[in-house]
Structure formats: C-alpha cells, structure tokens
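Input: a single structure, listed below in structure tokens.
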Protein chains: 2
Amino acid sequence: MAGPSRWNEIMDVKTVCLGMLTDGPASGYDMKKCFESSFGHFFPAGYGSIYPALATLARNGMVEFENVLQSGKPDRKVYSITEKGRKELMKGLINPNATHRIRSEFLAVLWFAHLMNAEQIDEMIDRKLVEIDAFLQLIDEFPDCNSDSAPKGARFVAGFGRHMATQFREYIENNRALLVEDETIETGQRAAAR
Amino acid sequence: MAGPSRWNEIMDVKTVCLGMLTDGPASGYDMKKCFESSFGHFFPAGYGSIYPALATLARNGMVEFENVLQSGKPDRKVYSITEKGRKELMKGLINPNATHRIRSEFLAVLWFAHLMNAEQIDEMIDRKLVEIDAFLQLIDEFPDCNSDSAPKGARFVAGFGRHMATQFREYIENNRALLVEDETIETGQRAAAR
DNA sequence: TGCAGCATGTAATTTGTTACATGATTAA
DNA sequence: TTAATCATGTAACAAATTACATGCTGCA
C-alpha cells in the first residue's frame, strides 16, 4: 500500500467525515454544520481540519466529488464515499481501545481555587452553568439525534451528552460551596510535610 | 514585554506546572507523577510537554532551579516558583471562559453503531467499563485529593472525577442495549428525505 | 451601509505526542 | 539477567487552531 505516510486506523477527522458520508453525499460546509451541532461536543472540528481531511480522502480514493454550480451562491463540492472509503471506515470503526479524552482548563483552574478569591471562582462557575444550559437546550433541538428514525448510535450519543451535561451541572451546583469556603493558604506546607 | 512570541494567559501545561510549584519545589519528574495521578484524567501531559514547559518558564524568569546531586541516582533539577511566576499564574487563573473539552473516539465510533456488528460494540464497551472501574479505584487512592488536609480545589476536582466516571458507567450500562438492537441499515435514506 | 450566510481553501503557528538517547541502581 | 525506578532532555512528527484570502446575495 502506497499511502502518503502511514494510513490511519484511528477515529480522526478523516474517519468521521467518511462516516458522515455513509448517510449520503455532502459538502465540507454541510459537514461543518454537523460538527457544530451534533458532533461538536465530543469531537470538535473546524474548516481548517475538515477541508484538508476531505482533500486527503479524495487524493487516496476514499471519496469522490462533484462540482455543483449554484445560481447566486458559490459552487459546492459534493463528496460521496467510495467502496474503498467504506472499507477504510470499517477499519477505523473496529477500535476496541477507542479513547475518551478530557482536557479541562476549567478543572485545572479550580484545582488551585485556594489561590483565588470567591468572586473569580463564582464568575467562572456561573458562566459554565450558562454554557451547560445552552448546550442542553441545543441538544434537544436536533432531530438527527432525537427522532425515532435517527440511527441508534446518534440517539445513544445524544442521550449520553444530555446525561453527562446534566450531571456536570448537578455536581457543580451541589459542591460549589466547598470552593468558596475559607481556607488558610498554606503554600509550601504540604511540601514541607514530605 | 519581550517574550519569545506572545506570552500566554491561558491554562496550559506551563501554567499548571507553575501552579504545582506553589505547593513547594519540585522536579519535572515529580510533576510527571502528579500528572499521571491526580491531574492526568482532566489535563494529561507527558515528559515531552513538561520538560520544554519548564525550560521555557526558566528562560522567562517564572521559575528558578537548583541542581541537586544524589548518590547513586541521577541529578535532579528542583524548580521553585518566582514572584514573577506567581503573578503570571494569577493571570492564568483569572479566566472566566476556561474551557472543558472532550475528544472522544469512543463516542464517535458509537455514533456509527448501525454500521457495526454487536460483538465489536460489546467488546469496545466492555473494555471501556474496565477502564472506568480502574480509574474509580485509582482516584480513591490518592491522598492529595481525598484527605481533609488537601486543598479544597483538589477535593472538588477529585469528587468531580468520581461523580462523572460513575455516571459515565451508569449511562453506558443502562443504555448499551439500545446499541445492539436490530436496525435496518438504511444508508442514504435520511439524506434522500431532505 | 453593513453584516450574516453561503462556500472554499491555504499558510502560519501552536501544541502536544512519540520515539530516541543516556545511564546508574536495585529488586526479582 | 531482566525489568523497573530514577532522571533529564531533544528531535521528529502529527494534528488541530487561527488567521488570511476571496466574493456574491439578501436582509435590516
């Protein structure tokens, strides 16, 4: 096999794009909308990753595209998955050790709550709660996850998002008082105890 | 200010290292252990990010270090935070829009459950459950999060990890049946309906 | 008049991961 | 003797984000 370097067998932006195309042809712009809505909260991607991903997939024969002219609007490149692409997708899907990674500035900041004052902590938490509420509202509005005709995976994942966001909210509300409690700032004390 | 490019005001590996040093001097190796245990699950970092981060911090006067010779063991570079570093840390800590990002191959794969067979799904989920259980056991073993003497932030964050992992587990167990249900694979149907 | 939406892409930059490189000690 | 722990670092690579670049239409 003569790929550009080594061909991936993991779930990256390329593989997700491939997967989206099993639902029918779409343009990069369409996929971006999908990443913004349903996919975005657990697998974010912007134009800067989608367009190069599509270009690579096309170079390797995983997808085909058709230039669709539109009146008054820019042309669209409408991509379709090929047989080869389908096989590649299946390889990406069989991944028993699929990761689930979190990178949270929010928690990293809160870890050092004893160095901050209550107002700073409260503001950050309040904003996070607003963010969560917006997300919960958003997730209920997507028909491609919530209707009975939606694929089982989409329903499962949307439900997961709802559940985890709800629990995120609940934990914060039930425990935020702990963070603004008075606590002696004892820099270096714990280290000295070693 | 004449930084190397533009100095960060976000919570990155550098800022976290700075924060860890408020608890007392430490080496890169020490910090790695901290990233592996308490920090790792919400803010992962390896040697490849820690050592360069420390080098940059030292170049910019945010930390100082002392070479500590040891008998039989390699030398340690023991870092301490400076006054300048403390100020920089506070800037990183005041970040009302701190992010909380998830990147989940696991959910991305499951989104396409209708393209997979039940065994593949089951194996992936079973492994994930084992992973979660291992994490839950791990998090209960760290005294720097669970004892009363631990800073409030650490206790809050550890509790968060415990809560979310528990809920992760619960959702999966309660809903996994949905994923292996029979479902007609209707590729392109939903697209055609548009 | 100005902004939002449609639509594509490249280039620069940032950031992190993985592999490489070294080398002594200690316990199994 | 083999692996693990201690301990630091660089270089190559992969990946994603951000900014840049273009340009028309329709609405307020």
Side-chain angles (χ1 to χ4, degrees), chain A residues 3-17 25-36 39-40 42-59 63 65-79 99 101-105 108, chain B residues 3-17 25-37 39-40 43-59 63 65-79 99 101-105 108:
Chain A
S5 53
R6 195 169 13 123
W7 192 258
N8 276 329
E9 273 144 51
I10 51 148
M11 205 66 196
D12 55 6
V13 178
K14 284 197 292 288
T15 316
V16 172
C17 287
S27 68
Y29 194 83
D30 294 333
M31 291 184 203
K32 175 67 193 329
K33 279 188 293 184
C34 191
F35 273 107
E36 267 167 10
F39 251 83
F42 63 91
F43 208 99
Y47 290 124
S49 8
I50 296 167
Y51 284 122
L54 253 14
T56 305
L57 287 170
R59 256 203 316 279
V63 297
F65 62 89
E66 199 189 347
N67 244 14
V68 178
L69 308 172
Q70 298 184 120
S71 55
K73 289 178 189 174
D75 302 356
R76 316 175 73 222
K77 263 192 190 174
V78 178
Y79 292 87
T99 59
R101 291 201 180 106
I102 293 163
R103 183 164 216 92
S104 179
E105 292 176 14
Chain B
S5 55
R6 196 175 7 124
W7 193 257
N8 276 330
E9 271 144 50
I10 51 149
M11 205 66 197
D12 56 5
V13 178
K14 284 198 290 289
T15 316
V16 173
C17 287
S27 68
Y29 194 83
D30 294 334
M31 291 183 203
K32 176 67 192 331
K33 279 188 293 184
C34 191
F35 273 105
E36 267 167 12
S37 59
F39 252 82
F43 208 98
Y47 290 124
S49 9
I50 296 166
Y51 284 122
L54 253 14
T56 306
L57 287 170
R59 256 202 316 280
V63 297
F65 61 89
E66 199 189 347
N67 244 13
V68 178
L69 308 173
Q70 299 184 119
S71 56
K73 290 177 189 174
D75 303 358
R76 315 175 74 219
K77 265 192 188 174
V78 178
Y79 291 86
T99 59
R101 289 201 182 109
I102 292 163
R103 182 161 218 94
S104 179
E105 293 177 13

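Reckoned from all heavy atoms, side chains included, excluding hydrogens, waters and symmetry mates. Letters A, B, ... mirror the listed sequences (proteins, then strands); counts begin at 1.
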Next on the checklist: For nucleotides 21-28 of chain D, give me one character per nucleotide, 5' to 3': B if any protein heavy atom sits under 4.0 Å from the base, S if the only such contacts are to the sugar-phosphate, - if neither.
Outcome noted: --B-S---

Checklist entry - Which angle, rounded to 10°, do you find between the first-five-pair axis and the last-five-pair axis of the helix from C/dT1-D/dA28 to C/dA28-D/dT1? => result 40°

Next on the checklist: Is the ring pair A/Phe39/A/Phe43 parallel, tilted or perpendicular, if the boundaries are 30 and 60 degrees?
Outcome noted: perpendicular

Next on the checklist: I want to check something: taking the side chain as every heavy atom from C-beta on, are A/Gln70 and A/Asp75 in contact at a cut-off of under 4.5 Å?
Outcome noted: no

Checklist entry - Quick one: B/Leu69 CG to C/dA24 P, roughly how many Å, whole number? => result 16 Å

Checklist entry - Does A/Arg103 make a side-chain N or O approach to OP1 or OP2 of C/dT15 shorter than 4.0 Å? => result no

Item to check | Plane angle bin for B/Phe65 and B/Tyr79 - parallel if under 30°, tilted between 30 and 60°, otherwise perpendicular | outcome: tilted

Checklist entry - Taking CG from B/Asp30 and P from D/dC6, how many angstroms apart are they, rounded to a whole number? => result 10 Å

Checklist outcome for this item: From CZ of B/Phe43 across to C1' of C/dT17 the rounded distance in Å is 15 Å

Item to check | Euclidean distance, atom CG of residue A/Leu54 to atom C1' of D/dA15 [Å, nearest integer] | outcome: 16 Å

Next on the checklist: From the set D/dT5, C/dT8, D/dG9, return the single nucleotide nearest to any side-chain atom of B/Tyr51.
Outcome noted: D/dG9

Checklist entry - Which part of the nucleic acid, if any, lies within contact of A/Arg101, taking any heavy atom under 4.0 Å across all strands shown: a base, the sugar-phosphate backbone alone, or nothing? => result nothing

Checklist entry - Looking at B/Ser49, does any N or O in its side chain come under 4.0 Å of the phosphate oxygens OP1/OP2 on C/dT17? => result yes

Item to check | Evaluation steps, side chain to side chain contact (heavy atoms under 4.5 Å, CB included), between A/Asp30 and A/Cys34 | outcome: CA-CA 6 Å; A/Asp30 294 333; A/Cys34 191; over 6 Å; no

Next on the checklist: Need to verify one output field. Residue with the more 5' nearest nucleotide on DNA chain C, B/Gly46 or A/Lys77?
Outcome noted: A/Lys77

Checklist entry - Under a 4.5 Å cut-off applied to non-hydrogen side-chain atoms, are B/Met31 and B/Leu54 in contact? => result yes

Checklist outcome for this item: Looking only at D/dT8, C/dG16, C/dT8, the nucleotide nearest the B/Asp12 side chain is C/dG16

Next on the checklist: Taking 4.0 Å as the cut-off, does a side-chain nitrogen or oxygen of A/Gln70 come that near to OP1 or OP2 on C/dC6?
Outcome noted: no

Next on the checklist: Over all strands shown, is A/Tyr79 touching base, sugar-phosphate only, or nothing at heavy-atom distances under 4.0 angstrom?
Outcome noted: sugar-phosphate

